[in-house]
Novice: 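Got a structure for you, written out below as structure tokens; questions coming shortly.
Keep in mind that the numbers below use all heavy atoms, side chains included, and drop hydrogens, waters and symmetry copies.
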Amino acid sequence: MLKEKNNTTLTFEDFKTEVLNDYKIAATSRECSLVGRREVLTGKAKFGIFGDGKEVPQIAMAKFFKNGDFRSGYYRDQTFMMAIGEFTIANFFAGLYGNTDIKQEPMSAGRQMGGHFVTHSLNEDGSWKNLTKQKNSSSDISPTAAQMPRLLGLAQASKFYRKINNIPNQRNFSNDGDEIAWGTIGNASTSEGVFFETINAAGVLQVPMLISVWDDEYGISVHAKHQTTKENISEILSGFQRDKNNEGIEILTVKGWDYSDLISTYEKASTIAREKHIPVLVHVTELTQPQGHSSSGSHERYKSTERLNWEKEFDCLRQMRLWMIAINIASSEELAEIDDAIRKEVLEGKKAAWNSFITPIAKEKDELVSLLQKLATSSKNKDQILRLSNTLKAIKDPLKKEILVAARKSLRLVVNEAVAAELSLWIQNYTQKNQATFSSNLYSESKNDVFSVKEVAPTYPIDARKDTDGRMIIRDNFDALFAKYPEVLIFGEDSGNIGDVNQGLEGMQEKYGETRVADVGIREATIIGQGIGLALRGLRPIAEIQYLDYLLYAIQILSDDLASLQYRTVGKQKAPLIIRTRGHRLEGIWHSGSPMGMIINAIRGIHVLVPRNMTKAAGFYNSLLECDEPALVVECLNGYRLKEKMPLNYGEFKTPIGVVETIKEGADITLVSYGSTLRLVEQAAKELLEVGIDCEIIDIQSLLPFDINQDIAKSIEKTNRLLVIDEDVPGGASAYILQQIIEQQDAYKFLDSKPQTLSAKEHRPSYGTDGDYFSKPSIEDIYEKVYSIFSEVNPAKYPKLY
């Protein structure tokens with residue numbers, strides 16, 4: 001049944017040793033779950049969600065998980081992580097307590113609740129480790145089934161590496177595509193659309209993906225009969241089953257309490273996936289939840305007595321014990337001794353983890369108590385300060401919040417006294433030190449962040465050449481990038497054969513092959529998932545979403561997974577995915593989208609770039625491929641046929657990220673906009689100049705990050721007036737832009753008139769040219785808005801139009 005790497009049969013003693021070791025890991029994990037729940041109920045931890053009932057199948061799965069493989073799972077996989085050596089008892093409890101020390105809590109330094117797992121892909125400087133020398137787990141997220149799209153990309157990377165062999169440092173990322181991407185999901189979560197989308201995409205792409213469905217018949221309190229047709233996910237997926245005439249997926253079923261059969265099943269599944277690059281689904285049935293869904297409720301409320309009794313009998317650990325006794329692996333007495341030893345080890349690990357968590361905080365508490373007692377001696381509010389100090393001192397297990405609350409309340413009491421300076425400094429230092437533990441790494445903090453890339457201007461020939469369509473510039477620049485970076489690949493709806501709907505990739509598939517320039521199905525969530533997984537494994541994917549409106553299908557994956565990746569791993573993983581799309585000013589409700597307010601507020605952690613033409617867009621792609629951060633690039637839909645000058649240095653010129661551009665200087669008012677709307681702003685400015693209003697026009701270029709040099713404020717200091725023009729809904733991106741200018745840049749102090757915005761209507765744009773005119777800012781709207789501002793300033797010169 002079990003075999004060594006050299007394929008020789010194990011002796012019984014070796015077999016016995018391995019089985020006992022498996023049992024010890026499983027039993028240790030179970031004991032952690034039991035003790036962990038008690039820690040929540042006694043108040044030491046806030047919440048617990050554990051892997052009890054899933055231990056034995058995870059032990060079996062771990063046996064075939066090799067160096068270089070990746071996991072994309074969910075919050076029940078603690079036994080698996082222990083089995084591959086990436087999770088300890090102390091780590092378990094450190095996560096439960098929310099320890100912010102990454103060394104104590106390597107999963108997320110307390111940023112995620114326990115049960116969310118990760119391995120570190122990056123060195124301290126942000127460079128890649130050799131991922132083929134370690135077992136890898138992508139960072140878990142709580143949204144159900146949202147780990148599935150990323151899984152698809154992790155698996156596709158192996159297929160890519162099997163076909164391509166000229167990637168820089170390829171041996172750090174793959175051993176000739178031999179790796180499997182292992183996914184785990186609860187049976188209830190298979191009801192989510194992204195699960196089915198991933199299954200379908202995997203069957204089409206034929207990637208080495210192995211999904212385990214942990215089936216315990218419930219989704220929190222809701223039984224499978226309310227979740228899944230026929231109450232059986234493998235049965236309803238049977239249409240995906242491969243056969244001798246059709247590719248598809250392999251579907252295997254196994255009982256979750258049968259140790260022997262689980263190992264045989266995972267051996268078969270991993271061989272199919274690893275050797276043949278065929279996706280496999282293992283439906284692990286008859287699993288249990290000994291403690292229910294989580295620490296927030298009891299499963300006795302919604303399970304029948306018969307079900308609860310069955311769960312006790314078919315608990316996977318109980319069944320493994322019975323099996324071990326039956327074949328003379330160990331006696332019940334020997335297993336009892338093992339269990340006793342494990343209970344002691346878990347309690348010791350818990351104690352050590354608690355001490356590591358609470359001791360530094362207790363020292364900080366004592367430090368502040370001493371300071372407050374000292375300050376109180378010379379304060380007129382001595383009694384009140386001592387009261388705060390004594391209250392803090394009496395807290396046995398303090399939180400950082402409680403320390404800071406006491407300090408800040410005390411500061412109010414001494415604000416006009418000489419001692420205030422010392423306490424104020426202590427608060428500032430304490431806040432600064434601790435804020436970083438909760439707020440760092442939303443964006444890259446490595447030497448390869450977006451700000452490391454310096455501007456390189458396009459160069460043009462001395463002799464004038466004909467201007468060309470914008471699509472030709474983006475196409476020829478992509479050509480240069482594909483030649484320069486063998487790790488770059490692009491995929492999306494209509495991206496391959498026809499070279500995208502606007503021919504910005506015309507001829508690229510023919511030149512660089514279907515592996516690097518690929519068509520995919522209409523499935524936006526997994527297009528983004530492909531990109532995330534590929535980027536996690538060292539490639540530089542560009543995931544194309546046909547129109548900006550369609551990004552809404554993928555916004556959850558972008559927001560919950562990609563945008564928070566560096567933050568929730570404290571910079572230990574990165575996925576520098578580029579998302580390419582197009583938007584603005586096309587006609588009709590579903591193809592004219594500019595929901596920028598929604599996007600920029602949902603995907604903080606991803607840069608959002610809004611170039612006004614294709615040269616600027618090409619420069620952004622060139623910049624992004626020199627840094628290690630994800631970004632969304634929104635090309636102008638109506639710009640592909642507009643004429644632009646043809647640069648000479650394709651692939652080399654770079655648009656700086658976070659830097660605005662003044663495209664017309666003026667003295668009277670600052671007009672701020674981006675994308676296609678700028679062309680209307682420019683025309684309106686020409687017409688306004690005819691009546692003596694000289695507008696300065698600034699192209700934002702980058703919404704995230706925003707104007708890092710504060711050039712807009714410098715412009716307003718000169719003009720003293722501001723109008724933001726945006727084709728998003730009222731209060732959408734324009735509200736963000738105004739907040740950045742007025743609040744972050746302090747430009748309010750330069751204003752002589754009320755800062756104003758001009759946006760689209762609240763509704764989606766109607767179809768046709770007239771629909772656009774009556775729905776989004778027009779040249780006349782811009783002209784009249786600026787004119788009205790000056791009508792207030794000088795009504796004699798600018799009498800009201802209406």
Side-chain angles (χ1 to χ4, degrees), residues 46 94-95 97-112 120 122-126 356-376 379 385 388-389 391-393 395 397-452 563-572 574 604-605 607 629 658 704-710 713 739-740 743-746:
K46 296 285 287 185
Y97 302 140
N99 195 324
T100 57
D101 184 345
I102 191 71
K103 294 178 181 177
Q104 301 292 330
E105 205 282 270
M107 299 299 116
S108 73
R111 293 183 178 183
Q112 295 210 86
H120 297 180
L122 306 177
N123 297 306
E124 290 300 318
D125 63 357
S356 294
F357 169 68
I358 202 64
T359 300
I361 303 176
K363 287 181 179 178
E364 292 169 344
K365 180 194 80 170
D366 293 342
E367 179 184 317
L368 178 62
V369 167
S370 297
L371 177 59
L372 294 181
Q373 288 174 343
K374 184 183 79 171
L375 299 182
S379 173
I385 296 172
L388 287 167
S389 174
T391 299
L392 179 61
K393 186 177 181 180
I395 299 174
D397 300 320
L399 298 173
K400 295 177 182 180
K401 170 192 170 182
E402 291 167 321
I403 295 171
L404 202 48
V405 165
R408 294 168 80 175
K409 286 184 181 296
S410 298
L411 182 61
R412 302 173 196 171
L413 299 171
V414 297
V415 66
N416 292 317
E417 301 176 11
V419 296
E422 186 176 2
L423 181 57
S424 176
L425 182 61
W426 189 95
I427 291 170
Q428 291 177 66
N429 290 338
Y430 188 78
T431 302
Q432 183 179 14
K433 179 183 75 171
N434 284 286
Q435 192 67 59
T437 66
F438 297 100
S439 300
S440 67
N441 297 102
L442 178 59
Y443 298 96
S444 173
E445 297 182 7
S446 79
K447 63 181 180 181
N448 296 315
D449 66 10
V450 294
F451 305 119
S452 68
S564 68
L565 176 64
Q566 294 214 59
Y567 172 77
R568 71 179 187 271
T569 65
V570 200
K572 299 304 180 185
K574 64 182 176 183
R604 301 293 172 97
H607 298 298
E629 300 194 63
L704 294 175
F706 185 89
D707 189 11
I708 59 173
N709 297 322
Q710 301 199 353
Q739 180 265 342
Q740 289 288 304
E743 186 176 312
Q744 295 298 315
Q745 298 188 8
D746 285 343

Novice: Which heavy atom in S379 sits nearest to a heavy atom in I385, and how many Å separate them?
Specialist: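 The answer is OG-CD1, 3.5 Å.
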Novice: Hey, what do you get for CG (D449) to CD (Q566), rounding to the nearest 0.5 Å?
Specialist: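 Interatomic distance, D449 CG to Q566 CD, rounded to 0.5 Å: 10.0 Å.
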Novice: Would you say L413 and L388 make side-chain contact, with heavy atoms under 4.5 Å?
Specialist: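 Yes - at least one pair of side-chain heavy atoms lies under 4.5 Å apart.
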Novice: Measure the spacing between OG of S410 and CG of L372 and express it to the nearest 0.5 Å.
Specialist: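 Going from the OG atom of S410 to the CG atom of L372 covers 4.5 Å.
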Novice: How far does CG of L704 sit from OH of Y443, to the nearest 0.5 angstrom?
Specialist: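 L704 CG to Y443 OH: 4.5 Å, rounded to 0.5 Å.
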Novice: Strictly distance-based, threshold 3.5 Å: is any side-chain N or O of S440 a donor or acceptor partner for the main-chain N or O of A436?
Specialist: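 Yes; judged by distance alone, with no hydrogens or angles, the pair exists.
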Novice: With a 3.5 Å distance limit and no angle check, can you tell me whether T569 reaches the backbone of L565 through a side-chain donor-acceptor pair?
Specialist: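 Yes: the side chain of T569 pairs with the backbone of L565.
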Novice: Write down the atom of G126, the atom of L122, and the distance for their closest heavy-atom approach.
Specialist: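 In terms of heavy atoms, the two residues are closest at O-CD2, 3.7 Å.
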Novice: What orientation do F451 and H607 show, parallel under 30°, tilted 30 to 60°, or perpendicular over 60°?
Specialist: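 If you compare the ring of F451 with that of H607, the planes turn out perpendicular.
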Novice: Of all heavy-atom pairs between I427 and A407, which one has the smallest distance, and what is that distance?
Specialist: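 What the structure gives for the nearest pair is CD1-O, 3.4 Å.
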Novice: Can you tell me which residue pairs pass the salt bridge (Lys or Arg N to Asp or Glu O under 4.0 Å) test with a partner in residues 399-427, sequence neighbours excluded?
Specialist: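 Found K374-E422.
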Novice: Suppose we screen for salt bridge (Lys or Arg N to Asp or Glu O under 4.0 Å). Which residues come up paired with E124, at least two apart in sequence or across chains?
Specialist: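 If we apply the salt bridge (Lys or Arg N to Asp or Glu O under 4.0 Å) test to E124, skipping adjacent residues, the hits are K572.
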Novice: Does a donor on one side chain and an acceptor on the other come within less than 3.5 Å for S439 and Q435?
Specialist: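 Their side chains do contain a donor-acceptor pair, which is all the 3.5 Å distance test asks for.
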Novice: How about H120 and P106: do any of their side-chain heavy atoms sit closer than 4.5 Å?
Specialist: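 Counting from C-beta outward, H120 and P106 do come under 4.5 Å.
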Novice: Compare every heavy atom of A109 with every heavy atom of V570, then report the nearest pair and how far apart it is.
Specialist: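 Closest heavy-atom pair between V570 and A109: CG2-CB, 3.7 Å.
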Novice: So, R111 side chain and Y567 main chain: donor-acceptor pair closer than 3.5 Å or not?
Specialist: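 Looks like yes, one N/O pair under 3.5 Å.
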Novice: Output the distance between atom CG (L425) and atom CG (L371), rounded to the nearest 0.5 Å.
Specialist: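 It is 10.0 Å, given to the nearest 0.5 Å.
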Novice: Taking all non-hydrogen atoms of both residues into account, name the closest pair between S446 and D125 and its distance.
Specialist: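 Smallest heavy-atom distance, with atoms named: CB-O, 3.6 Å.
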Novice: Can you tell me if S108 uses its side chain to pair, donor with acceptor, with the backbone of Q112 under 3.5 Å?
Specialist: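 Confirmed, S108 side chain pairs with Q112 backbone.
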Novice: Would you give me the side-chain donor-acceptor pairs under 3.5 Å for residues 360-370, sequence neighbours excluded?
Specialist:
residue: E364; atom: OE1; partner: Y430; partner atom: OH; Å: 2.9
residue: E364; atom: OE2; partner: K433; partner atom: NZ; Å: 2.8
residue: K365; atom: NZ; partner: K393; partner atom: O; Å: 3.2
residue: K365; atom: NZ; partner: I395; partner atom: O; Å: 3.0
residue: E367; atom: OE2; partner: W426; partner atom: NE1; Å: 2.6
residue: S370; atom: OG; partner: D366; partner atom: O; Å: 3.1

Novice: For Q739, does its backbone N or O pair with a side-chain atom of E743 as donor and acceptor, under 3.5 Å?
Specialist: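 Absent.
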Novice: Classify the side-chain pair Q745/D707 by whether it contains a donor and acceptor separated by less than 3.5 Å.
Specialist: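 Result is yes, a qualifying pair exists.
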Novice: Rounded to the nearest 0.5 Å, what separates atom CD1 in I102 from atom CE in M107?
Specialist: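 It comes to 8.5 Å.
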Novice: With rounding to the nearest 0.5 Å, note down the distance linking CG in N99 to OG in S356.
Specialist: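 One finds 7.0 Å between CG of N99 and OG of S356.
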